[in-house]
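Structure, as structure tokens:
Since the structure is predicted, the reported quantities are computational estimates derived from the model, not experimental observations. Worth knowing before you read on, the calculation uses all heavy atoms, side chains too, and leaves out hydrogens, waters and symmetry mates.
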Amino acid sequence: MNQPDITVVGAGAVGLSTALFLAQAGASVEVVDSGGIGAGASRNNAGWVVPSMSEPVPSPAALRAAAKWFGRRDGALKIGLEPSAGYVSFLARMLFAARPAAYRRGLAATASLAAGAVAAFDELVRLGVDFERHARGVLLLFVEEHGIQSHLDDLTVMEKLGLPGAELLAGREVRELEPEAGQGVVGGILCRGDQHVAPSSLVDGLAAACAQAGVRLRLHAPVTQIAEGVGCVRLTAGGVSLSTGALVLAAGVGTRALTAMVTKPVRIRGGKGYGFDYRPAPFTLGHAVYLSDHKVAVTPLDQGIRIAGTMEFGAENNKIDHRRAAGVANAMRAYFPRWPVRAPRAWSGLRPLTPDGLPVVGRLPTRAPIYVAAGHAMLGITLGPITGKLLSRQIVTGESDPLLAPFALDRFRSARSKRG
């Protein structure tokens, strides 16, 4: 069998998108993953395509939320304890990135990239990717009036960057759109340019399109070794030795350990989120809804309603803190009084985050051509296709799109030199 020109490690939304665009450019591609298709966070998420919510996680608003939820077992944010210098350093860098000036730079970078997100999904459709997709917008709901203005401020910045505008709604107007919303909802913001998908249908559709395009899928094959060869990259996956012309590491949280095999590890940690799938749906919603004051995403799908939320730092595993998960389900009743008290079984997923909240996309400082595309935090679905499209173009042509410049790995080295 001929060795692939390019091997992509990671069969999630980012890795599969990259593989598909590479194959469309004429490359011979193989995708390797330690699990199955979408085995990481690509199935366990809200499924949102939200250019209007493309702000980085570290932000002044996040610091206020951290103070609000600190110590609450059912809160939207938990910062666990881990006795390691690396973890403490990571949190310190997040605080540094939450400063207003740094946040504004990050917001401009992610919003500029997200401006092409919907068009990239349109391109997936043209390439034959079959998935469940809804284009009715996202409705932000508020039960506390003071939270509305900060969202409007961010949306105003994004509108100046070319993203679609948003519409401010009074509580009465919210209930006209969503009759199930309760009297406690004091207002809303409708972001008409946003969309949502069924995450599992997306990764399954990407995998099928990749196979149709000739991409080889090597699943349940964990990568245990990566080494630079002469004019190639050698790796061991599932106990099999492989050689490839170029390598793309797009394995979410697992990308940290993979990069450590060839260079300094990329600073990526997992932020755990929880969710529930209500099948059938307790009632009908016309829009995807964000419970802004509780940080919970509500996604109406063909098979039911999915809710997802929380950000939990510390232990990087999929164990479920049932009290914290219950906080996600219980938040619904503050906005929708008829929401059932009893919740189905919870699921969890690890969102890959970098210290500044921006993804890492580009070439590693290695002799051989090794690239990374990871750390998309809660924007893995939103930015997966556009990341794959632009990175594949860089790999094939050798020229990086200016939109990717803020996400290059050398930004961390530049930050250290500025402080030093």
(request) Kindly give the heavy-atom pair with the smallest separation between P282 and I305, and that separation in Å. (result) CD-CD1, 4.5 Å
(request) Check whether any side-chain heavy atom of H151 lies under 4.5 Å from a side-chain heavy atom of M53, and answer yes or no. (result) no
(request) Check the pair L140, C191 against side chain to side chain contact (heavy atoms under 4.5 Å, CB included), reporting the backbone distance first and the verdict last. (result) CA-CA 8 Å; L140 283 64; C191 303; 3.9 Å; yes
(message) Within this structure, what is the CG-OG distance for the pair L107 and S54, rounded to the nearest 0.5 Å?
(response) 6.0 Å
(request) Grab the two heavy atoms, one from A11 and one from L219, that are nearest each other, plus how far apart they are. (result) CB-CD2, 4.3 Å
(request) Answer yes or no: are there more than 12 heavy-atom neighbours, outside E173 itself, under 6.0 Å from its atom CD? (result) yes
(message) Check this for me, if you would: do K272 and D321 make a salt bridge, where the nitrogen-to-carboxylate-oxygen distance has to be below 4.0 angstrom?
(response) no
(request) Would you confirm whether R192, through its side chain, and E167, through its main-chain N or O, come within 3.5 Å as a donor-acceptor pair? (result) no
(request) Specify whether F90 and F313 have parallel, tilted or perpendicular ring planes, treating 30° as the upper limit for parallel and 60° as the lower limit for perpendicular. (result) tilted
(request) Using the test salt bridge (charged side-chain N to carboxylate O under 4.0 Å, His left out), find all partners of R136 that sit at least two apart in sequence or belong to another chain. (result) none
(message) Looking at S150 and G147, would you say the former's side chain and the latter's main chain have a donor-acceptor pair under 3.5 Å?
(response) yes
(message) Could you check whether any side-chain N or O of S34 sits under 3.5 Å from a backbone N or O of V223, counting only pairs where one atom can act as donor and the other as acceptor?
(response) no
(message) Is the shortest side-chain heavy-atom distance between L353 and R269 below 4.5 Å?
(response) no
(request) Compare all side-chain heavy atoms of Y335 with those of V298 and state whether any distance is below 4.5 angstrom. (result) no
List, one per line, each side-chain donor-acceptor pair under 3.5 Å for residues 193-203, sequence neighbours excluded.
{"residue": "D194", "atom": "OD1", "partner": "S52", "partner atom": "N", "Å": "3.3"}
{"residue": "D194", "atom": "OD1", "partner": "S52", "partner atom": "OG", "Å": "3.4"}
{"residue": "D194", "atom": "OD2", "partner": "S52", "partner atom": "OG", "Å": "2.3"}
{"residue": "Q195", "atom": "OE1", "partner": "R133", "partner atom": "NE", "Å": "2.7"}
{"residue": "Q195", "atom": "OE1", "partner": "R133", "partner atom": "NH2", "Å": "3.0"}
{"residue": "H196", "atom": "NE2", "partner": "P300", "partner atom": "O", "Å": "2.8"}
{"residue": "S200", "atom": "OG", "partner": "R43", "partner atom": "NH1", "Å": "3.2"}
{"residue": "S201", "atom": "OG", "partner": "E132", "partner atom": "N", "Å": "2.9"}
{"residue": "S201", "atom": "OG", "partner": "A198", "partner atom": "O", "Å": "2.7"}

(message) Strictly distance-based, threshold 3.5 Å: is any side-chain N or O of R256 a donor or acceptor partner for the main-chain N or O of I268?
(response) yes
(message) Could you check whether any side-chain heavy atom of V215 comes within less than 4.5 Å of a side-chain heavy atom of V8, counting everything from C-beta outward?
(response) no
Atom pairs and distances, donor-acceptor, side-chain atoms in residues 359-380, under 3.5 Å, two or more places apart:
{"residue": "R363", "atom": "NH2", "partner": "R367", "partner atom": "O", "Å": "3.0"}
{"residue": "R363", "atom": "NH2", "partner": "A368", "partner atom": "O", "Å": "3.4"}
{"residue": "T366", "atom": "OG1", "partner": "A368", "partner atom": "O", "Å": "2.8"}
{"residue": "H376", "atom": "NE2", "partner": "T387", "partner atom": "OG1", "Å": "3.0"}

(request) Quick one: pull up CG in L258 and OG1 in T263 and give me the separation to the nearest 0.5 Å. (result) 13.0 Å
(request) Please confirm whether the backbone N or O of G245 pairs with a side-chain atom of D5, one donor and one acceptor, at under 3.5 Å? (result) no
(request) Would you check if V289 and L291 make a side-chain contact, meaning some heavy-atom pair closer than 4.5 Å? (result) yes
(message) Quick one, T354 and F407 - any side-chain contact, counting heavy atoms below 4.5 Å?
(response) no
(request) State the CG-CG distance between L139 and L177, to the nearest 0.5 angstrom. (result) 6.5 Å
(message) Which residue is it: N318, N44, D277? I am looking for the one with a side-chain hydrogen bond (donor to acceptor under 3.5 Å, both in side chains) to W347.
(response) D277
(request) Check whether any side-chain heavy atom of F131 sits under 4.5 Å from a side-chain heavy atom of V125, and report yes or no. (result) yes
(request) Would you name the heavy atoms of L16 and L217 that are closest together and state the gap between them? (result) CD2-CD2, 4.4 Å
(request) For S348 and I320, indicate whether the former's side chain and the latter's backbone hold a donor-acceptor pair under 3.5 Å. (result) no
Would you list the atom pairs, donor with acceptor, under 3.5 Å between side chains in residues 390-398 and any protein atom, with sequence neighbours excluded?
{"residue": "S392", "atom": "OG", "partner": "G388", "partner atom": "O", "Å": "2.9"}
{"residue": "S392", "atom": "OG", "partner": "K389", "partner atom": "O", "Å": "2.8"}
{"residue": "T397", "atom": "OG1", "partner": "R393", "partner atom": "O", "Å": "2.7"}
{"residue": "T397", "atom": "OG1", "partner": "E399", "partner atom": "N", "Å": "3.2"}

(request) Drop me the distance from H294's NE2 to L141's CG, to the nearest 0.5 angstrom. (result) 12.0 Å
(message) Counting neighbours of CD on Q303 that are heavy atoms of other residues, nucleotides or ligands and sit closer than 6.0 Å, is the number greater than 12?
(response) no
(request) For atom CG of D122, decide whether the heavy atoms of other residues, nucleotides or ligands shown that lie under 6.0 angstrom number more than 12. (result) yes
(request) Among residues two or more places apart or on two chains, list those pairs meeting ring-ring contact (aromatic ring centres under 6.0 Å, His included) that have a residue in residues 260-279. (result) Y278-W339
(request) Would you kindly check if the NZ (Lys) or CZ (Arg) of R99 is within the cone defined by 45 degrees around the ring axis of F96 and under 6.0 Å from the six-membered ring centre? (result) yes
(message) Quick one, T284 and E180 - any side-chain contact, counting heavy atoms below 4.5 Å?
(response) no
(message) Testing the basics here: between L350 and A41, what is the closest heavy-atom pair and its distance to 0.1 Å?
(response) O-CB, 3.3 Å
(message) Please report the interatomic distance CZ(R126) to CG(L124), rounded to the nearest 0.5 Å.
(response) 9.0 Å
(request) Report yes or no: does T244 contribute a side-chain atom to a donor-acceptor pair with the main-chain N or O of V233 at less than 3.5 Å? (result) no
(request) Return the minimal non-hydrogen interatomic distance between P58 and G357, and the atom names on each side. (result) CD-CA, 3.6 Å
(message) Going by side chain to side chain donor-acceptor pair (under 3.5 Å), name the pairs with one or both residues in residues 101-116, residues two or more places apart or in two chains.
(response) Y103-D154
(request) Measure the CG-CD1 distance between N45 and I381 for me, rounded to the nearest 0.5 Å. (result) 4.5 Å
(request) Return the minimal non-hydrogen interatomic distance between P406 and P402, and the atom names on each side. (result) CD-O, 3.8 Å
(request) May I have the step-by-step check of side chain to side chain contact (heavy atoms under 4.5 Å, CB included) for L249 and I226, ending in yes or no? (result) CA-CA 11 Å; L249 303 177; I226 302 174; 4.1 Å; yes
(request) Measure from the side-chain N and O atoms of R411 to the backbone N and O of A408, and report whether any donor-acceptor pair falls under 3.5 Å. (result) yes
